[in-house]
There are 2 protein chains.
Amino acid sequence: MDESCTVYQAADFIGRRWTALILLELYKGESMTRRYSELKKRIPGITPKMLSMRLRELEREGLVKKTVDASEFPVKSSYSLTKSGKDFIKIIKVLKNWALTWKLDNKLCKNAECGKCPADNL
Amino acid sequence: MDESCTVYQAADFIGRRWTALILLELYKGESMTRRYSELKKRIPGITPKMLSMRLRELEREGLVKKTVDASEFPVKSSYSLTKSGKDFIKIIKVLKNWALTWKLDNKLCKNAECGKCPADNL
DNA sequence: TACACTGTACAGCTTTCATCCATGGTATCT
DNA sequence: AGATACCATGGATGAAAGCTGTACAGTGTA
């Protein structure tokens, strides 16, 4: 599992700050799509720069598709999950499941929506 | 998903260098147990310091149990997967599965053991 | 004395992330 | 009319975290 290994890359990927968060936000959007500014609003604390960077990475890796609507006046960008991106969500599900099973201090998530967590409805 | 979130922590965790590797090595060991020196031998490139650090982390997180055999001559330490650690392997499986499905340049892993990869037999 | 096993200590590099700032046309408030 | 704020980016800088490399220490057997 050196750096050329896709499994390693995927693991590295999911561990980066904001990545999972962005994917989950897209997942929750209508037809799994969100605009840049929507994402910014819904992910508190992320800097615009980070958001662009992560989106570019996700696009490069094929998890996210970007669409630019240039017909309108301030040009608007939309990002949506590809099939591969949608499938990636299930990794997060398994992760959450593991956490719920073994991290007992995490009961909150099981019984109620903790409200802060974008993985609530997984 | 701030830093207090277990899902986030688990994601962060799996993305760290060597962590998955160590877990897989333990998984492949007899009764999912390996000695410190065995791990060092089987994970090329890892420094002793990193190995200790990761093992301590894994122990703290409850994925790994350490046993010291002090009856013998040079004291021997064994590390084994706990139930929680064993269960964590399935996250790696899902990860691998995703990679095999979507990262087409990764066909090698599907058709044969790449030999270098400790996730071969998952 | 030499070796086997399980580590620790120090010094430096690399990567990651945040913070601040600039863009430039549009739209809304005063 | 003038000021201010939105939209989606991208550069420069620097701090902090992560990781590497190498050396070496403790503790007991032969």
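Each chain gets a letter, A, B and so on, in the order the sequences are listed, and its residues count up from 1.
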Subject >> Pair A:Glu59 + A:Lys66: basic N to acidic O under 4.0 Å >> reply: no
Original post:
Contacts to DNA chain D from residues 33-41 of chain A, heavy-atom cutoff under 4.0 Å, which residues?
Top reply: A:Arg35, A:Tyr36, A:Ser37
Subject >> SB check A:Arg54 A:Glu57 (cutoff 4.0 Å) >> reply: yes
**OP:** Check whether any side-chain nitrogen or oxygen of B:Lys76 sits under 4.0 Å from OP1 or OP2 of D:dT29, and answer yes or no.
**Re:** no
**OP:** In plain terms, say whether A:Lys83 and A:Asp87 are close enough for a salt bridge, that is, a side-chain N and a carboxylate O under 4.0 Å apart.
**Re:** no
Original post:
Atom CG of B:Leu51 to atom P of C:dG7: distance rounded to whole Å?
Top reply: 9 Å
Original post:
Can you name the closest pair of heavy atoms from B:Pro118 and B:Lys28 and give their distance?
Top reply: O-CD, 3.7 Å
Subject >> Check: A:Leu51 and A:Trp18 side chains under 4.5 Å, non-hydrogen atoms >> reply: no
**OP:** Please determine if A:Glu38 and A:Lys41 form a salt bridge, counting it only when a charged side-chain N lies under 4.0 Å from a carboxylate O.
**Re:** no
**OP:** Take the angle between the ring planes of A:Phe88 and A:Phe13 and call it parallel below 30°, perpendicular above 60°, tilted in between.
**Re:** perpendicular
**OP:** Verify the neighbour count for atom CD of B:Glu72: are there more than 12 heavy atoms of other residues, nucleotides or ligands below 6.0 Å?
**Re:** yes
Subject >> Under 4.0 angstrom between A:Tyr79 side-chain N/O and D:dT9 OP1 or OP2 >> reply: yes
Subject >> Spacing between A:Asp12 atom CG and C:dT14 atom P, to the nearest angstrom >> reply: 18 Å
**OP:** Scan nucleotides 17-27 of chain C nucleotide by nucleotide, 5' to 3', and note B when protein non-hydrogen atoms come under 4.0 Å of the base, S if they reach only the sugar-phosphate, - if neither.
**Re:** SSB-------S
**OP:** Measure from CG on B:Leu55 to C1' on C:dG7 and round the result to the nearest Å.
**Re:** 11 Å
Original post:
Looking at A:Arg56, does any N or O in its side chain come under 4.0 Å of the phosphate oxygens OP1/OP2 on D:dG10?
Top reply: yes
**OP:** Answer yes or no: does a side-chain N or O of B:Ser77 lie under 4.0 Å from OP1 or OP2 of C:dG7?
**Re:** yes
**OP:** Answer yes or no: is there a side-chain heavy-atom contact under 4.5 Å between B:Ile89 and B:Leu24?
**Re:** yes
**OP:** In whole angstrom, give the distance that lies between atom CD1 of A:Ile22 and atom P of D:dA8.
**Re:** 14 Å
